[in-house]
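Worksheet: the structure to be examined is printed underneath.
Here the structure is a predicted model, which means the values were calculated and not measured.
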Amino acid sequence: MYSTYIRAFFTASAMIVNNNLAAGHGELHVAAMGVANKIKSFGNYIYQGMLAGCQPLMD
């Protein structure tokens, strides 16, 4: 239960740090980081959906 909150906290913290570091290089870099994170998230959502769909089959 708490591991989900901890993971979300560290993910959000890493995104804040990355955005602050990219902001020093201009808006284009921040936008590129946003696009890269969306692409990564999309792949992660597919993976999580497949796992959630298979879970009832394994019980």
Apart from M33 itself, members of its ILVMFWY cluster (side-chain separation under 4.5 Å) are none

- Query: In this structure, are over 12 heavy atoms from other groups packed under 6.0 Å from Q48 atom CD?
  - Reply: yes

Besides V30, the hydrophobic cluster formed by Ile, Leu, Val, Met, Phe, Trp and Tyr side chains linked at under 4.5 Å, directly or via other members, contains none

For V35, the other hydrophobic cluster members (4.5 Å side-chain criterion, sorted by chain and number) are I39

Residue pairs passing the ring-ring contact (aromatic ring centres under 6.0 Å, His included) test with at least one member in residues 17-59, sequence neighbours excluded, are H25-H29

Show me the donor-acceptor pairs within less than 3.5 Å that the side chains of residues 7-19 make with the rest of the protein, sequence neighbours left out.
from : atom 1 : to  : atom 2 : distance (Å)
T11  : OG1    : R7  : O      : 2.8
S13  : OG     : F9  : O      : 2.8
N18  : ND2    : A14 : O      : 3.4
N19  : ND2    : M15 : O      : 3.4

